Every structure is written in structure tokens, then in C-alpha cells.
2 protein chains.
Amino acid sequence: MLYHQGDAALNLYVVVVGRLRATQTTEEGNQIALRYLGPGELAGYAVLAGIPRYPGTVVAVEDTHLFVWPANAMRQLMGRHAQIALNAVAVLGSRYQETQLRLRELSSETVEHRIAHALLRLANQAGRRTAQGTEICFPLSRQDIAELAGTTLHTVSRTLSAWEKEGIVLSAHRHVVVCRPEALAAVNEAAS
Amino acid sequence: MLYHQGDAALNLYVVVVGRLRATQTTEEGNQIALRYLGPGELAGYAVLAGIPRYPGTVVAVEDTHLFVWPANAMRQLMGRHAQIALNAVAVLGSRYQETQLRLRELSSETVEHRIAHALLRLANQAGRRTAQGTEICFPLSRQDIAELAGTTLHTVSRTLSAWEKEGIVLSAHRHVVVCRPEALAAVNEAAS
DNA sequence: CACATTGATTGTTTCACCGCAATCTCAGCT
DNA sequence: AGCTGAGATTGCGGTGAAACAATCAATGTG
């Protein structure tokens with residue numbers, strides 16, 4: 001557990017090895033996953049933007065090694081070296097763009113599309129080639145997928161079962177292998 | 001029309017007076033509204049983040065006066081004056097946070113909540129005090145509200161009709177007045 | 001090895017919201 | 001004034017996905 005939603009934003013983190021999960025929770029306790037963070041990605045952007053409190057919660061889902069910078073040091077660094085600030089702008093910009101894309105997806109596409117897209121992104125981001133296909137190499141429950149795709153674990157379970165029958169994915173306990181990514185991408189075109 | 005989704009990102013704009021609308025369109029032609037931009041806000045953040053093409057479309061919904069900076073000039077400015085880059089980080093950060101909030105809202109809250117929230121935000125951002133309440137001071141059709149809240153114009157129309165009966169809002173042709181903002185905020189707590 | 005706990009599956013029921021369609025209203029134009 | 005077209009309203013099904021619920025499988029523990 002790196003920090004909780006609402007904590008004072010004290011540190012900026014960069015993942016060296018491992019995997020983090022960033023989530024947000026509503027007042028009613030409803031939780032959604034914002035994104036998974038792998039090696040090289042940064043957590044705690046609030047520090048960069050000068051937001052006083054973390055807007056989300058970040059926990060590790062594997063053993064993880066991190067670099068840490070205190071907020072003050074980070075702000076000084078950005079003030080002194082424009083290039084660092086420029087990098088921060090670029091990172092935030094691409095995250096912003098990605099979030100907008102998800103927003104569009106969530107408001108206009110079906111659950112099936114969103115699950116397909118979520119799996120494809122995870123496979124790209126944290127995939128490992130195996131004999132059967134691309135394996136998502138950290139433990140990932142149906143509940144987790146549901147929170148990413150903005151749906152319920154029940155619907156995810158049904159959808160994955162259907163795909164498993166078609167040979168598009170393989171799934172074990174908290175573990176998913178994407179066998180035919182092109183079939184998942186095709187889901188986005190038209191209902192199979 | 002400032003620019004189209006997919007155009008090369010050439011300029012950064014700042015609104016002096018008027019009102020812009022930022023939208024994104026899916027391949028299937030489905031459109032969602034990202035946000036409305038009023039005086040002091042900036043359009044074309046892609047230029048800041050170094051993204052080569054505009055990810056959305058921006059059009060003016062009123063007569064609007066703008067400042068314009070070419071992308072090169074902007075990048076030079078940020079490289080030379082760290083403070084400008086820091087400001088850019090802050091702007092992008094707060095936009096990012098706001099988008100995450102909408103994402104959470106869209107995936108966990110009902111249509112009614114989202115319409116209420118959209119109206120409240122517009123009233124805060126572009127409201128003008130009148131005798132009856134806070135008036136949203138630019139033309140805004142049901143379709144526009146629907147694109148903001150991620151729903152259809154039909155549902156928006158129904159919801160606004162109901163609220164008008166309860167005296168929460170007043171609406172004329174492409175024109176909305178929020179009479180009892182506290183009642184709208186209460187919608188977010190429990191279904192009335 | 002039995003037991004407890006967490007995660008996954010699947011059937012049934014329910015409901016919020018969308019899509020269609022017909023009608024109505026208002027704003028601007030000639 | 002009368003016409004025209006864009007915007008708004010409303011009723012009525014249809015349906016995708018959530019809610020509820022019961023069962024089953026896997027993992028880890030004393």
C-alpha cells in the first residue's frame with residue numbers, strides 16, 4: 001500500500017520492478033480501477049501538478065521495488081531544470097489523453113467491447129509470450145477486470161467463459177492468457 | 001471551428017471572451033462532449049504535451065475572442081521559463097483529475113446523477129445570477145447535455161421535464177436555469 | 001488432511017435506459 | 001404573417017446488463 005485516496009500528497013514514485021494498481025472509490029464504496037502501473041511508470045502525479053491530496057489509492061499487486069522522491073525535491077527539480085518539467089507535461093498529457101479515450105469508450109461502447117479493450121491493453125502492457133499466446137503476468141481476478149471495464153464480475157465471468165469456448169482466451173485462477181488478440185480486436189468492430 | 005480531431009497540432013489557444021466546446025468522435029460517429037471552455041481556459045493541450053495531432057475537435061458555441069500561440073513558440077517558452085512549464089503541468093494535472101472523476105461517475109452512477117452533476121458544473125463555470133436562479137449563459141440543447149452526461153437526448157428531456165415540475169430547473173429553448181442547486185446536489189445522495 | 005476463505009460460475013429475475021416514432025413548439029426567414 | 005426546419009416532448013416496447021442467489025473450485029493454513 002503506497003498511499004490512500006485523500007492522504008496528503010508527499011511523494012512521487014517510479015516503479016522499478018513489479019506492478020501497482022491505481023483505484024478510486026466513491027463515497028458509497030464503489031471502486032473503479034484507473035490503471036495498472038508497470039516498470040518505468042510513475043505514481044503520485046498529484047505531486048507534479050501541485051494537488052495537495054492524492055486523488056486515488058495505489059497498492060502493489062506484486063512484490064515491487066520503487067524509487068521515491070519527496071514532493072519538495074520534485075518541485076525544486078522541476079523549477080530548476082525545465083527539461084524535467086517538460087517530461088512531466090508529456091507524461092501527464094498522454095495519461096490525460098488515455099483517460100479521455102476510456103471516457104469515450106465507457107460512454108459509447110458495450111461492456112463486451114470494453115472488456116476486450118481492457119484485456120488487450122493489459123496484454124500489451126504486461127504481456128509475456130508463451131506457447132499458447134500472450135499471458136498477463138500478474139494475478140488478476142474477475143473482480144479486477146470488472147473494475148477496469150466498468151462492469152460487474154458476473155458479466156466478466158460470463159464473457160470470459162464464452163471467449164474461452166471460442167478459444168480466444170485461456171483462464172485459470174486469477175490468471176488470463178490472450179490466445180487470439182486479433183479476435184479480441186475484432187469484437188470492437190462488430191458483435192461476433 | 002478551431003480544429004478537427006486528427007488535425008496536426010499547430011496552435012495553443014486561450015479563450016479571452018466566449019465559449020468553446022471540446023468533443024471527441026468515435027469511428028462509428030458517436031460523439032461525446034469532453035468539456036466546455038470559458039474565458040481564461042486553454043484549448044489544444046496537445047501542443048503542450050508534444051502530441052502530434054489534436055485528439056479532439058473544438059468549436060465555438062458563441063462569438064469568441066482568442067489568443068493563439070504557435071506550437072514552436074510555446075515549446076521554446078516552456079524550455080526557457082520553467083515557471084511556464086510548471087503552470088502547464090498544473091493545468092494538465094487538474095484536467096486529468098477532473099477527467100478521472102467523470103470516469104468514476106460514468107461507471108458507477110446513474111444517468112440522473114450524471115445529468116445533475118453536469119448541470120451543476122456548467123452553472124458554476126458559466127453561470128449568471130438572475131432572479132430565478134443561476135442561468136447557464138450560452139445556448140445549450142438537450143443533445144449537448146446528453147453528450148456531456150453520456151446519455152441520449154430523450155433521457156435528458158424526460159429528466160429535465162420532471163425537474164421542471166419540481167421547480168428545480170427552468171428551461172426554455174436551448175437555455176437552462178438552475179433554480180435550486182442544492183436539490184440537484186441532493187440527487188447525488190439518494191434517488192428523490 | 002480437514003477446514004476456512006476467497007474467487008469463479010451460472011441460472012433467474014428485475015429494471016434502468018435506449019431506440020423508435022409521432023407530435024408539438026419555437027426561432028428565424030422571406 | 002405564414003412558412004420552414006431544428007429542437008423538444010412523450011409514449012411505448014425491447015433489451016443489455018445489474019442484482020440476487022446458490023453452487024462449485026482453488027488456495028492457503030493450522
Side-chain angles (χ1 to χ4, degrees), chain A residues 21 26 28-33 59 61-62 105-119 136 138-166 169-177 187-188 190-192, chain B residues 21 26 28-33 59 61-62 105-119 136 138-166 169-177 187-188 190-192:
Chain A
R21 193 165 76 110
T26 60
E28 298 96 39
N30 215 323
Q31 188 166 91
I32 70 155
V59 297
V61 294
E62 288 183 317
E105 207 175 280
L106 194 56
S107 75
S108 67
E109 257 140 294
T110 68
V111 167
E112 202 178 12
H113 293 188
R114 301 195 314 254
I115 297 174
H117 197 162
L119 286 183
I136 293 166
F138 58 90
L140 184 76
S141 73
R142 304 298 140 110
Q143 177 69 45
D144 295 334
I145 300 174
E147 284 172 8
L148 261 182
T151 178
T152 61
L153 77 161
H154 310 274
T155 305
V156 171
S157 182
R158 278 178 243 273
T159 309
L160 285 196
S161 294
W163 285 344
E164 195 151 10
K165 282 200 189 81
E166 297 177 39
V169 301
L170 279 177
S171 79
H173 190 67
R174 311 220 295 156
H175 209 74
V176 179
V177 181
V187 170
N188 295 346
S192 55
Chain B
R21 193 166 77 110
T26 60
E28 299 95 38
N30 214 324
Q31 189 165 92
I32 70 155
V59 297
V61 293
E62 288 183 317
E105 208 174 278
L106 194 56
S107 75
S108 68
E109 258 140 293
T110 68
V111 167
E112 203 179 12
H113 293 189
R114 301 195 315 254
I115 298 174
H117 197 161
L119 286 184
I136 293 167
F138 58 90
L140 185 75
S141 72
R142 303 299 141 111
Q143 177 68 44
D144 296 334
I145 299 174
E147 284 172 9
L148 261 182
T151 178
T152 62
L153 78 160
H154 310 278
T155 304
V156 171
S157 181
R158 278 179 249 274
T159 309
L160 286 195
S161 294
W163 285 343
E164 193 151 10
K165 282 200 189 83
E166 296 177 39
V169 301
L170 278 177
S171 78
H173 191 65
R174 311 221 295 156
H175 208 73
V176 179
V177 180
V187 170
N188 294 347
S192 56

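Throughout, protein chains are lettered first and strands after them, A, B, ... in sequence-line order, and every chain is numbered starting at 1. For clarity, every value in this text was computed on a predicted model and none was experimentally measured.
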For [X] and [N], what is the distance between atoms [atom1] and [atom2] respectively, to the nearest whole Å?
{"X": "Glu109(B)", "N": "dA16(C)", "atom1": "CD", "atom2": "P", "result": "16 Å"}
{"X": "Gln143(A)", "N": "dT9(C)", "atom1": "CD", "atom2": "C1'", "result": "15 Å"}
{"X": "Asp144(A)", "N": "dG7(C)", "atom1": "CG", "atom2": "P", "result": "8 Å"}
{"X": "Asn30(B)", "N": "dG19(C)", "atom1": "CG", "atom2": "P", "result": "8 Å"}
{"X": "Leu140(A)", "N": "dA8(C)", "atom1": "CG", "atom2": "C1'", "result": "13 Å"}
{"X": "Glu28(B)", "N": "dG19(C)", "atom1": "CD", "atom2": "P", "result": "13 Å"}
{"X": "Arg142(B)", "N": "dT25(C)", "atom1": "CZ", "atom2": "C1'", "result": "12 Å"}

Exercise. Taking all heavy atoms of Ala146(A) and all of Thr152(A), pick out the closest pair and write down the distance.
Key: CB-C, 3.4 Å
Can any side-chain N or O of [X] pair as donor or acceptor with the backbone N or O of [Y] at less than 3.5 Å?
{"X": "Gln31(B)", "Y": "Glu147(B)", "answer": "no"}
{"X": "Ser161(B)", "Y": "Ser157(B)", "answer": "yes"}
{"X": "Arg114(A)", "Y": "Glu109(A)", "answer": "yes"}

Quiz item: Should Thr155(B) be listed as having a side-chain N or O under 4.0 Å from OP1 or OP2 of dA16(C)?
Solution: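 No, outside the criterion.
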Quiz item: When the nearest nucleotide of DNA chain D is assigned to His173(A) and to Val111(A) on a heavy-atom basis, which residue is associated with the more 5' position?
Solution: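 Checking each residue's closest nucleotide, the 5'-ward one belongs to Val111(A).
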Does a side-chain heavy-atom distance below 4.5 Å link [X] with [Y]?
{"X": "Ile136(B)", "Y": "Leu119(B)", "answer": "yes"}
{"X": "Glu62(B)", "Y": "Pro139(B)", "answer": "yes"}
{"X": "Glu164(B)", "Y": "Leu170(B)", "answer": "yes"}

Self-check item: Nucleotide interval of DNA chain D bounded by contacts with chain B (heavy-atom cut-off, under 4.0 Å)
Solution: dG7(D) to dC12(D)
Quiz item: What is the nucleic acid contact for Ser157(A), judged by heavy atoms within less than 4.0 Å: base, sugar-phosphate only, or nothing?
Solution: base
Quiz item: What is the nucleic acid contact for Arg158(A), judged by heavy atoms within less than 4.0 Å: base, sugar-phosphate only, or nothing?
Solution: base
Quiz item: Does any N or O donor sit under 3.5 Å from an N or O acceptor when you compare the side chain of His154(A) with the base of dT10(C)?
Solution: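 Yes, a donor-acceptor pair under 3.5 Å.
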